[in-house]
Asks: 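Got a structure for you, questions after.
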Amino acid sequence: MRDAVRDLIDNAMKSARAPEPFTARAPSNIALSKYWGKRDRARNLPLNSSLSISLGTWGSETRVAPSEAGDQVRLNGHPLAAGSAFARKALAFADLFRGQNDIPLLIDSHNTIPTAAGLASSASGFAALTQALSGAFGLALDKAEMSRIARLGSGSATRSLWHGFVRWERGTAEDGHDSHGVPLDLAWPAFRIAIIEVDTAPKPWSSRDGMNHTVDTSPLFAGWPAQAEADCTAIETAIAGRDMATLGPLVEANALMMHATMQAARPAVTYLTGESWAVLARLQAARAEGLAAYATMDAGPNVKLIFEAAHQADVDRLFPGARMIAPFDPDHTDFRNKN
Ligand code: DP6
């Protein structure tokens with residue numbers, strides 16, 4: 001069985017030019033309906049669809065240019081050793097495009113996410129790198145095609161090609177051609193995200209290892225794919241209705257179920273700390289008093305809240321120092337990549 005993405009790149013590269021400098025930006029994203037579990041690890045195909053909100057100007061900016069001094073990778077202004085994990089991943093990804101050809105490249109990547117926010121940058125990193133490589137080689141790839149390619153770097157990167165809400169269709173084809181991001185054509189200007197930083201220590205498991213280990217060993221995982229698919233559809237419907245009272249509880253339940261599958265893995269995969277649970281308890285108490293804010297957590301201890309602008313001051317009072325994001329504010333989406 002051929003790989004649809006490799007075929008896509010090979011075809012596009014037939015009309016590639018010699019690389020020219022090209023810079024691309026991509027936003028990070030937070031899944032409201034989680035991707036957790038792969039049906040094909042080699043092609044990075046998910047068991048269930050997922051849906052995210054992009055984080056505006058928080059993301060990655062990556063420049064790809066020809067290099068006269070062999071391959072070079074820089075991160076946040078610093079040159080990286082060729083053997084470092086980031087450099088190896090970035091160059092292996094560039095190899096998808098240049099194949100066996102000797103085309104030395106400079107890959108210069110910057111995170112535009114405040115490091116203290118403790119957010120993963122692999123989604124925006126691979127989305128920006130895909131666009132930068134495509135631009136450098138002068139390829140005529142559209143965003144859905146680049147989303148499929150970014151998927152080979154990291155699943156969550158499929159959703160980082162666009163601003164706003166993005167659904168990653170799981171697809172059903174064995175070769176993976178129908179598994180890519182699809183932007184939802186709607187704005188929700190009052191939508192807000194708060195990031196409550198709990199801990200920035202390195203995580204015990206990468207999301208990939210934690211996911212695969214959960215699929216392999218958790219007896220609770222069997223119930224996840226169907227529920228996650230149903231949640232994704234219900235979450236999309238609630239977003240279409242700008243209905244936070246329906247959306248919030250669904251988002252929170254979906255995240256907690258994902259963490260429950262990990263908790264039952266053997267041994268357990270634990271990302272949430274006592275502090276994460278303390279934040280959730282405070283949120284629950286405030287909700288009993290009328291605060292319409294809801295939590296979601298990924299492969300790390302930080303807690304992200306979703307709510308509408310009318311509750312921003314209350315969230316700020318409850319969690320001083322929380323970082324606020326207005327994902328539909330034009331000032332937060334100044335690198336809107338439209339097409
Ligand atoms: C919990 O996209 O990092 O953030 O495809 O193996 O690179 P790989 O995994 P990754 O997993 C993200 C998991 C998550 C949920 C989500 O973003 O949907």
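Both counts, for ligands and for their atoms, begin at 1 and track the order of listing.
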Asks: I need the minimum non-hydrogen distance between Asp71 and Pro104, along with the two atoms involved.
Replies: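 Heavy-atom minimum between the residues: OD1-CA, 3.4 Å.
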Asks: Would a distance-only check, ignoring hydrogens and angles, find a side-chain to backbone donor-acceptor pair under 3.5 Å from Ser15 to Ala12?
Replies: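 Confirmed, Ser15 side chain pairs with Ala12 backbone.
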Asks: Please list, in number order, the atoms of ligand 1 under 4.0 Å from a heavy atom of Lys38.
Replies: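 Selected atoms, number and element: 5 (O), 6 (O), 8 (P).
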Asks: How far is atom 16 (C) of ligand 1 from its nearest protein heavy atom, and which residue and atom name does that atom have?
Replies: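 Nearest protein contact, heavy atoms only, for atom 16 (C) of ligand 1 is Arg159 NH2, 3.4 Å.
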Asks: In terms of atom number and element, which parts of ligand 1 are under 4.0 angstrom from non-hydrogen atoms of Ser207?
Replies: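 Ligand 1 atoms under the 4.0 Å threshold to Ser207: 3 (O), 10 (P), 11 (O).
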Asks: Are Lys304 and Asp298 within salt-bridge range, i.e. N to O under 4.0 Å?
Replies: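 A salt bridge is present here (some side-chain N lies under 4.0 Å from a carboxylate O).
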Asks: Please report which non-hydrogen protein atom sits nearest to atom 12 (C) of ligand 1, along with the residue it belongs to and the distance in Å to one decimal place.
Replies: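 Result for atom 12 (C) of ligand 1: Tyr35 CD2, 4.0 Å.
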Asks: Taking 4.0 Å as the limit for heavy-atom contacts, which would you say applies to His259 with ligand 1: side chain only, backbone only, both, or neither?
Replies: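 For His259, there is no contact with ligand 1 at all, from either part.
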Asks: For ligand 1, is any non-hydrogen atom under 4.0 Å from Met211's backbone (N, CA, C, O), its side chain (CB onward), both, or neither?
Replies: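 Side chain only; the backbone of Met211 stays clear of ligand 1.
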Asks: Checking Lys38 against Asn212: is there a side-chain donor and acceptor pair closer than 3.5 Å?
Replies: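 Their side chains do not contain a donor-acceptor pair, so the 3.5 Å distance test is not met.
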Asks: What is the minimum heavy-atom distance between Leu32 and Asn254, and which atoms define it?
Replies: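 Taking Leu32 first and Asn254 second, the nearest heavy atoms are O-OD1, 3.9 Å.
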Asks: Taking atom CZ as the centre, does Arg266 end up with more than 12 heavy-atom neighbours from other residues, nucleotides or ligands that are less than 6.0 angstrom away?
Replies: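 No.
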Asks: Give the atom numbers and elements of ligand 1 that come within less than 4.0 Å of a heavy atom of Asn44.
Replies: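 Checking each atom against Asn44, I get 5 (O).
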Asks: Below 4.0 angstrom from a heavy atom of Ala31, which ligand 1 atoms are there? Numbered from 1 as shown, please.
Replies: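 This gives 16 (C), 17 (O), 18 (O) as the contact atoms.
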Asks: Select one of side chain, backbone, both or neither to describe which atoms of Asn29 lie under 4.0 Å from any atom of ligand 1, heavy atoms only.
Replies: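 Asn29 to ligand 1: no contact under 4.0 Å from either part.
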Asks: Give me the residue, atom name and distance of the protein heavy atom closest to atom 4 (O) of ligand 1.
Replies: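 Heavy-atom neighbour on the protein nearest atom 4 (O) of ligand 1: Asp298 OD1, 3.5 Å.
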Asks: Distance only, no hydrogens: is a donor on one side chain within 3.5 Å (strictly under) of an acceptor on the other, for Ser28 and Ser124?
Replies: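 No, because no side-chain N or O of Ser28 sits under 3.5 Å from a partner of the opposite role on Ser124.
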Asks: Just jot down the ligand 1 atoms closer than 4.0 angstrom to any heavy atom of Gly155, in number order.
Replies: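 Here the atoms of ligand 1 in question are 2 (O), 5 (O), 7 (O), 8 (P).
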Asks: Given the rule in the salt bridge (charged side-chain N to carboxylate O under 4.0 Å, His left out) test, do Glu61 and Arg63 qualify, once you have shown the distances and angles that lead to the verdict?
Replies: CA-CA 7 Å; Glu61 176 175 309; Arg63 180 170 176 268; over 6 Å; no
Asks: Looking at atom 7 (O) of ligand 1, what's its closest protein heavy atom, distance included?
Replies: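 Result: Ser154 OG, 2.7 Å.
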Asks: Output the list of atoms in ligand 1 that are nearer than 4.0 Å to some heavy atom of Ser156, sorted by atom number.
Replies: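 Listed by number with element: 2 (O), 3 (O), 10 (P), 17 (O).
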Asks: If we only count N/O pairs under 3.5 Å, is Ser50 in contact with ligand 1?
Replies: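 Not met; the criterion fails.
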Asks: Could you tell me whether Arg43 and Asp175 have a side-chain N and a carboxylate O separated by less than 4.0 Å?
Replies: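 Here Arg43 does not pair with Asp175 in a salt bridge, since their nearest N and O are not under 4.0 Å apart.
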